[in-house]
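Worksheet for the structure shown next.
Just so it is clear: chains get the letters A, B, ... in the order the sequence lines come, proteins before strands, and each one is counted from 1.
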Amino acid sequence: MIKKVVTRFPPSPTGHLHIGGARTALFNWLLARSQNGIFVLRIEDTDVGRSTQEMTDGILQAMQWLGMDWDLGPYFQSERLDIYNEHIEGLLASGQAYNCQCTAQEVEAMREEARTKGEKPKYNGRCRELGLWPGPGRVVRLKAPLEGDTGFQDLVKGYNRVDNRELDDFVLRRADGMPTYNLAVVVDDALMGMTHILRGDDHLSNTPKQVLLYQALGFELPQFGHVPMILGPDKKKLSKRHGAMSVLEYREKGYLPQAVLNTLVRLGWSYGDQELFAHDELISLFSLQNLGKSACVFNPEKLDWVNAQHIKNSPVEELVPLLGEQLRPKGLPRADPKYLQEIIPLLQPRSTTMVDMAEQAAVFVLNADDIVYDPDLVAKVITPEAKAHLLALRDRLAWLESFAQSDLEGVITEYLEETGIKFKLLAQPIRVSITGKKASPGLFETMAVLGKEQVLRRMDRALSL
RNA sequence: GUCCCCAUCGUCUAGCUGGCCCAGGACGCCGGCCUCUCACGCCGGUAACGGGGGUUCAAAUCCCCCUGGGGACGCCA
């Protein structure tokens, strides 16, 4: 029987979920979903000083917004201390770990010494054979092998091996009694039955340490897959300075979760020349084989394009609530969903983000009296001559019973034929008079959606300027 | 400094076991078409195999060296 795939995403609540973390989560989530496996969410909050509830909440919210649902968890490492201690005691009892009384300063001195000798900075194993008892200020270290080497097969980077002399007796339990990252991940990943661990390749070099721990604890090794990192535009590790925005900020900026996912998945993964992926496609098409192995840079402009594509391809009903949400912060009146449903198709091909769409929706949801006319634009476009035409047209429109696009076209075509003028000359004056802007969706559709009352009142206002 | 990873257009990438690649797609940028404006769309253009050695009839594709970039060396994760 083939083992069911189990993956996890283990964020540390010491910061926001940014695109790097989100992509790691995405790969794990996709692997689980595509294999009909289990996706576990685990909060790694062993750094009590820096972990906050607020960050935890934000991360959970971001995961939900992106639609990456988890089957198990969220587990909190801070609630599993007994489990870690139990395993640490086991290692101590079997002589695979030991208590160390060296202070942080002393260890730093050892590292400095190694550095001056041109070696890799390491703890020198001073307390290794001392047989010390636990005590205040003491940490527990792994009694790591002094020779030989440690290797593992990586799903994306291939076989990796390091000389054990590069490793040192790293800390498993801190002086404050909390387990360290390496101990806690290994214990949790093993106990929670992880089959695959996909993470950034910044973890590649401490994987051997973890392999050592798996061996010491007698756990079966999972499959590791180290995906290339997402770097900032300056090719440096992503940090607050770059686009390391919180995922939630993309929601505020009007990006669709599906577009964010689509953009992230293409960073380090590809499926031939395909650029756009629907939600279900992501799951059905994802596979480990198509993961790349070199670092990449996140390109916000591509996100814009992908987002615009997704907006264009989204069913109108799905956009209605999203547009509604974006209207409020702009101080625009709330509009009837039915009405939004009518204007959205006009805005879909013109919007990069939902915020952008909301801005363009203003002319539709605003009342005639609240339309803002730019004096310069009006002076330039609504000339005395144009005014005469607008006036004549206004009267004809007033007679219309139906304001359907075809009716509007009929009236205007008729007017053009009678007067012999070109539509081109009339279009901008009409546009400016009913929207106050020099650009808008097509005139007939705009008028049809606005409706007779709004159109006439706006023309009246423009004519009275 | 030591160890590890990586290396195709500005960016994301295709290029699976070498020939179909004087390198394809996408974003961006630049032209053009469409057109009532703005977009969408469509058409076209710009731009890359880091360098040097091999192996081979043939290398972007395999090997080595160099260079470059990144990462890790925490009682952070």
Flag the pair K236(A) and D234(A) as a salt bridge only when some basic side-chain nitrogen lies within less than 4.0 angstrom of an acidic carboxylate oxygen.
no
NZ/NE/NH1/NH2 to OD/OE distance under 4.0 Å, E89(A) and R173(A):
yes
Side-chain N,O (S270(A)) to OP1/OP2 (A14(B)) below 4.0 Å
yes
Under 4.0 Å: is that the gap between some side-chain N or O of K293(A) and OP1 or OP2 of A7(B)?
no
In Watson-Crick or G-U wobble terms, both distances under 3.5 Å, what is the partner of [N]?
N: G19(B); value: C57(B)
N: A39(B); value: none
N: C3(B); value: G71(B)
N: C49(B); value: none

Starting at NZ of K120(A) and ending at C1' of G1(B), how long is that distance when rounded to a whole Å?
11 Å
Could you check whether N164(A) and T150(A), counting side-chain N and O atoms only, form a donor-acceptor pair closer than 3.5 Å?
yes
Does the [N] base have a donor-acceptor partner in the side chain of [X] within less than 3.5 Å?
X: E275(A); N: G25(B); answer: yes
X: R350(A); N: C40(B); answer: no
X: D273(A); N: G24(B); answer: yes

Using the C1' atom on both, measure U8(B) against A14(B) and round to a whole Å.
10 Å
Would you tabulate the pairs of protein nitrogen or oxygen atoms and nucleotide nitrogen or oxygen atoms of nucleotides 63-69 of chain B closer than 3.5 angstrom?
none

Among C73(B), U2(B), A77(B), find the nucleotide with the atom closest to the side chain of S12(A).
A77(B)
